[in-house]
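Before any comments, here is the structure.
In what follows, residues are counted from 1 in the order of the sequence shown.
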Amino acid sequence: MTRTLALALSLILAPLLALAQTPPASLVADRIAIEADATLVAEGNVEVRYGDARLTASRVAYDRRNGSLTIDGPLLLSEPDGAIILADAAELDPELREGILTSARLVLDRQLQLAAAEIARRGGRYTRLSRVIASSCEICDTSDVPIWEIRAAQVVRDEEERQLYFDEAQLRLFGVPVFYLPRLRLPDPTLDRATGFLAPSIRNRSQLGTGLVIPYFIRIGDHADLTLAPYLSSATRTLEARYRQELRNGSLTFEGAVSNDDIRPDKTRAYLFAEGEFTLPHDFQLSFDLELVSDESYLFDYGYSEKDRLDSAISASRVRDDQTFRAAATSFRTLRASDATIIDELPNALLEFDVSQRLARDPAWGQVWVSADLTALSRPASTPGTGRDMARLGAAVEWRHSGTLPLGFVAEAEARLAYAAYYVEQDPSFPDTIHRVTPAAAVALRWPLERIGATGARHLLEPVVQLAWAETSGGPVPNEDSTVVEFDEGNLISLSRFPGDDAVEEGLRANLGLGWTRYDPDGWSVGATVGRIYRFETQNQFSPRSGLAGTASDWLFAAHYRLDDRLEVTSRTLIDDNFDVSTSETRLGWRNDRLALAGTHVWRSADPDAPEFGDLSELTLDGDLQLTDFWSTNAEWRLDADTGSTTRAGVGLRYENECIGIDLSLSRRFTSSTSIEPATEFDLRIYLVGFGAGGEGRRTPSRCRG
């Protein structure tokens, strides 16, 4: 007799299937028979399906008089929500929703196991387990004691709310009772978000001593939640909080803390960071971020952030193929001790508005764009000369075109005419109103050459030369947005090296560059760029440290090497004609199945305009290493190579298997100022895997191997 019995199901099992037309039921077995007492018996590899539920057993007997299934195991019942029940025997209704299972085990999310003497199913919603041992730890033949287990007289699972209710719960570690609760409620692993306590952690900081952080997660509907985390030690009473909400058109996040501590016993200390992003009609995007703190050292004392300058901003933007728009308002606050004496001289508010529109696009004549912008910057000081307030209103028209010439040459041309009106207050160095007109133009010629070698490697060589010119008419203007200039391969061929609008790179100059890249069929590539800028006359616009001063800039050398997505090395160096290096940056990133490593070295010569700061040389390393299937470590190190002193170092160790996780981290910040002292931080967190969102651990390969 074949196992698939469609005719038997339609004729013999009609009473069983009639009990529920929806969802459909089916039965497959090696043998099916009807006994004299009207009992239907299926034997041998029996499989019963009711909707999305699936039951497999060695024998199933259906009594049509009382509508019950008597099942001989070993049996396996798979639920629609992914839960699995294994048992020796059972009596269930035909819908597999009511009944008793003996010597049973409930497996949730293939992770948390609850072994019980008996499992009773009620109403398709509640599952009651008697004399229960719950754990997500794997038990091998060499040891029948899991790392942790919860023993309870009874456990009730609410399948609708996805909660587990324990009666007389006892937590055991390595078989030793350590904790008892008469009642305990925990989310099952299939629940992503549930109100309740999260894993606590032990935190130690130099100025705050050793304390305990106990987070409590509050679910506020399907799209919002709040986490409150009291942090208590001998030196502080702190409440940390985080609120998150997903909206139909965006998201919100607020996080902060309030503290009373022994560091500043005379005041309540607090901080609040918030951010949000929203999609508005007509393709507009709205975003904001808020950064507030009660005092300059609070963030550093508690390790919440290493930012030494805060900015709170709100902006609206839209980017289309033929139009860009942005409006933003920003508020600044410095936390640097060195800025304390000049805090009123630093900008504290910035307003920006800019819009651009393409007027024409023609393959033969190019593109024409027009733009307008408004910028306003203010300082708190009211003293002339130190409290300068400035506003700029600008407009520009720009033409761009590119095309391919004979022999594969690519020609590019652009021209720009810009007007700006500056309104200056509280600075006798500038008139109240300044008008400036800036015409600029550039032409560039590229010659991309490609060769494919015998091995299939592609070589791309591209020499490029650009002739650029710009000139300004009108008086000098305050420079607020272009005080820092970088010279790299990204702006080698550019109309201006200044990042903002207040400064304009003037005069006639030739920008020369040569780039080469080799793409290997084995997945790696290597490339280099060399370039230089020649000026027809000295403009004295750039500092020697920038590498752009004089009639000839420093030589720019840049190189990169990439191996698939595993290794990437990039380097940039500026060298003058005397082979003196003014800037050098090298970055390395390596990743494989077990190791991720990143390193950066930066060296910059002293700025002649500020020689008291000396040369800058810094080395930064950080990495993650998977030691075994269960152990991993990470480390970070930041070195002031010029003085040979470490500014920051940290190390972390993590263990996680299928049932428990341990996080240990130690870090120290060595830098100090008049308001900030060096600090050491220690954190320890232990969590059990298997409750809520499947826990935080990894599903690791079986350790029970021969």
Side-chain angles (χ1 to χ4, degrees), residues 263-264 266-267 269-273 289-301 304-313 328-352 375-392 422-432 434 476-486 498-503 541-546 602 604-616 618 640 642-643 647 669-679:
I263 301 175
R264 300 285 295 271
D266 57 325
K267 66 180 299 182
R269 313 178 74 190
Y271 89 97
L272 175 64
F273 284 2
D289 73 274
L290 180 68
E291 298 178 348
L292 303 174
V293 68
S294 59
D295 56 86
E296 286 73 13
S297 63
Y298 182 64
L299 297 176
F300 293 91
D301 290 341
Y304 292 135
S305 173
E306 292 194 355
K307 296 191 67 171
D308 56 6
R309 285 183 176 172
L310 304 184
D311 56 90
S312 299
T330 307
S331 174
F332 301 100
R333 178 184 175 183
T334 180
L335 304 180
R336 296 182 178 181
S338 59
D339 292 340
T341 58
I342 59 170
I343 191 169
D344 287 345
E345 303 175 24
L346 300 176
N348 69 332
L350 173 66
L351 177 66
E352 299 172 284
T375 302
L377 188 68
S378 68
R379 291 173 170 82
S382 58
T383 305
T386 60
R388 181 176 67 208
D389 299 329
M390 184 273 290
R392 182 187 70 239
Y422 285 78
Y423 305 92
V424 183
E425 295 182 354
Q426 299 185 156
D427 191 342
S429 304
F430 298 94
D432 294 343
I434 309 168
V477 300
N479 182 9
E480 298 282 6
D481 62 7
S482 299
T483 57
V484 178
V485 180
E486 294 286 344
F498 288 108
D501 296 320
D502 292 339
Q541 291 184 286
F542 300 97
S543 70
R545 183 178 181 178
S546 68
V602 177
R604 294 185 181 182
S605 62
D607 190 340
D609 296 333
E612 66 274 14
F613 294 107
D615 297 337
L616 169 66
E618 184 176 81
D640 185 339
D642 189 51
T643 62
T647 59
R669 176 174 44 81
F670 295 88
T671 56
S672 62
S673 66
T674 56
S675 60
I676 299 172
E677 297 182 4

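When all heavy atoms of Phe430 and Pro476 are compared, the pair lying nearest together is CD2-O, 3.5 Å. A pairwise comparison of heavy atoms in Val424 and Pro431 identifies CB-O, 3.7 Å as the closest pair. Taking each heavy atom of Leu350 and Phe332 in turn, the nearest pair found is CB-CE1, 3.7 Å.
Side chain of Arg379 to main chain of Glu345: a donor-acceptor pair is present (N/O by atom type, distance under 3.5 Å, no hydrogens or angles). The backbone N or O of Gly387 sits less than 3.5 Å from a side-chain atom of Gln426, completing a donor-acceptor pair. A donor-acceptor contact shorter than 3.5 Å links the side chain of Asp502 to the backbone of Glu480. Under a 3.5 Å cut-off, the side chain of Ser482 and the backbone N or O of Gly500 do form a donor-acceptor pair.
We find the CG-OG1 distance between Asp289 and Thr330 to be 8.0 Å, quoted to the nearest 0.5 Å. Rounding to the nearest 0.5 angstrom, the gap separating the CG atom in Leu335 from the OG atom in Ser297 is 9.0 Å. For the atom pair OG of Ser378 and CE of Met390, the computed distance is 10.5 Å after rounding to the nearest 0.5 Å. Distance CD1/Ile343 to CG/Asn348: 9.0 Å, rounded to 0.5 Å. Interatomic distance, Asp339 CG to Thr341 OG1, rounded to the nearest 0.5 Å: 7.5 Å. With rounding to the nearest 0.5 angstrom, the CG atom of Asn479 is 6.0 Å from the OG1 atom of Thr483.
In this structure the side chain of Leu616 reaches within 4.5 angstrom of the side chain of Arg545, judged on heavy atoms. When side chains are defined from C-beta on, Leu299 counts as touching Leu310, because their heavy atoms get closer than 4.5 Å. A 4.5 Å side-chain heavy-atom check between Phe300 and Asp308 finds at least one atom pair inside the cut-off. By the 4.5 Å heavy-atom criterion applied to side chains, Tyr271 and Ser305 are not counted as neighbours. Contact check for Val293 versus Arg333: side-chain heavy atoms found under the 4.5 Å cut-off. Residues Asp427 and Pro478 form no side-chain contact, since every pair of their non-hydrogen atoms from C-beta on lies 4.5 Å or further apart.
In this structure, Arg264 does not pair ionically with Asp301, as no charged nitrogen and carboxylate oxygen lie closer than 4.0 Å. Under the 4.0 Å criterion applied to side-chain N and carboxylate O atoms, Arg309 and Glu291 are not assigned as salt-bridge partners. A salt bridge links Asp481 with Arg392: at least one charged nitrogen is closer than 4.0 Å to a carboxylate oxygen.
Heavy atoms of other residues, nucleotides or ligands lying less than 6.0 angstrom from CD of Glu425 number 12 at most.
Side-chain atoms of Arg269 and Ser294 form no donor-acceptor pair, as typed in the model, at a separation below 3.5 Å.
The aromatic rings of Phe498 and Phe542 sit parallel to each other, their planes meeting at less than 30°, with 60° as the upper class boundary.
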